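Data block below; observations after.
As the structure is a prediction and not an experimental result, all values here were calculated from the model.
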Amino acid sequence: MRRDKWILYSIWLFAVGLLIVFVPKNRLREGFLAFFIKQSLTWVFGLLVAEKGLIKYPVRLFKKANKSSFSYEYFFYPASCVLFNLYYPEQKKFWIKAIYNILYTGLLTGIEVLAEKYTKLIKYVKWKWYWSFLTIWLTNYTSHLFYRWFFKVGQKN
């Protein structure tokens, strides 16, 4: 249990470090938007999945608030989405974008699968890794569509 709490704290430090290092000051506004749109999407999916008992988070912060993982759903995923949107290969060919999406989603899914297997941070009850892959991809894609619309990325003026 103690090791899992340290992992949680490390996730927070790691995510903050990534944001500090990889979000340029001139793109903070874009980063905040990506963070908050992903947070609103994962709030819905995370609560639904946790409250329905499909996934359990035995070790988590704010145990009395709700059954989802605050660290995972409301901070780590949104922080990762900031980088996903800021470094999205917008001007590249379709297949490069597809590979970027698959690799990014696969990395996050892989981290979750390892956490499920080796920690008490997450336990799949009636859930499989491919549902995580699908929901992570869907929320990344949706957040990117909103990001593109809001900042008029790739649109002619």
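Counting only residues at least two apart or on different chains, no salt bridge (Lys or Arg N to Asp or Glu O under 4.0 Å) pair has a member in residues 99-119. Legend: side chain to side chain donor-acceptor pair (under 3.5 Å) pairs involving residues 22-34, not counting sequence neighbours, sorted by first then second residue: Arg27-Glu30, Arg27-Tyr147, Glu30-Tyr147. Within the structure, side chain to side chain donor-acceptor pair (under 3.5 Å) pairs that include any residue of residues 44-60 comprise Tyr57-Glu73 (at least two apart or interchain). Listed by first then second residue, pairs satisfying side chain to side chain donor-acceptor pair (under 3.5 Å) with a partner in residues 8-19 read Trp12-Ser71, not counting sequence neighbours.
Inter-residue side-chain proximity for Val23 and Leu83 is flagged as met; some heavy-atom pair is nearer than 4.5 Å. Between Leu138 and Phe45 the shortest side-chain heavy-atom distance falls below 4.5 Å. Residues Thr119 and Val59 form no side-chain contact, since every pair of their non-hydrogen atoms from C-beta on lies 4.5 Å or further apart.
In this structure, Phe94 stands alone, with no Ile, Leu, Val, Met, Phe, Trp or Tyr side-chain heavy atom under 4.5 Å from its own, directly or through other members. Clustering of Ile, Leu, Val, Met, Phe, Trp and Tyr side chains at separations under 4.5 Å places Leu114 together with Tyr118.
Placement of Leu19 and Phe14 within a single hydrophobic cluster is found when ILVMFWY residues are connected by side-chain heavy-atom separations under 4.5 Å, directly or transitively. Under a hydrophobic clustering in which Ile, Leu, Val, Met, Phe, Trp and Tyr are joined whenever their side-chain heavy atoms come within less than 4.5 Å, directly or via other members, Leu61 and Leu47 fall into the same cluster. No path of Ile, Leu, Val, Met, Phe, Trp and Tyr side chains, each step under 4.5 Å between heavy atoms, connects Ile136 with Leu145, placing them in separate hydrophobic clusters. In this structure, Val16 is a member of the same hydrophobic cluster as Tyr87, with clusters built from ILVMFWY side-chain heavy atoms closer than 4.5 Å. In the hydrophobic clustering of ILVMFWY residues, with side-chain heavy atoms under 4.5 Å counting as a link, Leu13 and Trp6 come out apart.
Note: Tyr141 OH to Leu41 CG = 13.5 Å, rounded to the nearest 0.5 Å. With rounding to the nearest 0.5 Å, the separation of CZ in Phe75 from OG in Ser69 is 12.0 Å. If you take CD1 on Ile111 and CD1 on Ile11, they are separated by 8.5 Å, rounding to the nearest 0.5 Å. The CD1 atom of Ile122 lies 12.0 Å from the CG atom of Asp4; values are rounded to the nearest 0.5 Å. Going from atom CG of Asn85 over to atom CZ of Arg148 covers 10.5 Å, rounded to the nearest 0.5 Å. Annotation: the span from Phe151 atom CZ to Phe146 atom CZ amounts to 9.0 Å, rounded to 0.5 Å.
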### Query
For Arg3 and Lys120, what are the C-alpha separation, side-chain angles and deciding distance, and is it a side-chain contact (heavy atoms from CB on, under 4.5 Å)?
CA-CA 9 Å; Arg3 176 185 64 117; Lys120 291 184 172 128; over 6 Å; no
### Task
Give the intermediate values and the outcome of side-chain contact (heavy atoms from CB on, under 4.5 Å) for residues Val125 and Leu54.
CA-CA 5 Å; Val125 178; Leu54 304 175; 5.8 Å; no
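Applying the side chain to side chain donor-acceptor pair (under 3.5 Å) criterion to Trp127, with sequence neighbours excluded, gives Ser132. With sequence neighbours excluded, the residues that form a side chain to side chain donor-acceptor pair (under 3.5 Å) with Ser68 are Asn66, Tyr74. Thr139 pairs by the side chain to side chain donor-acceptor pair (under 3.5 Å) definition with Lys38, not counting sequence neighbours. Residues forming a ring-ring contact (aromatic ring centres under 6.0 Å, His included) with Tyr72 (at least two apart in sequence, or on another chain): Tyr77. By the side-chain contact (heavy atoms from CB on, under 4.5 Å) test, Phe32 pairs with Leu28, Phe36, sequence neighbours left out.
Across all non-hydrogen atoms, the minimal contact from Thr42 to Pro78 is OG1-CG, 4.3 Å. Looking at every heavy atom in both residues, Asn140 comes nearest to Cys81 through OD1-SG, 3.8 Å.
Between Phe133 and Trp137, the ring centre distance reaches or exceeds 6.0 Å.
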I'd like a table of donor-acceptor pairs (distance under 3.5 Å, sequence neighbours excluded) in which one partner is a side-chain atom from residues 101-110, with atom names and distances.
from	atom 1	to	atom 2	distance (Å)
Asn101	ND2	Tyr88	OH	3.3
Asn101	ND2	Lys97	O	2.8
Tyr104	OH	Ser80	O	2.6
Tyr104	OH	Phe84	N	3.2
Thr105	OG1	Asn101	O	2.8
Thr109	OG1	Thr105	O	2.8

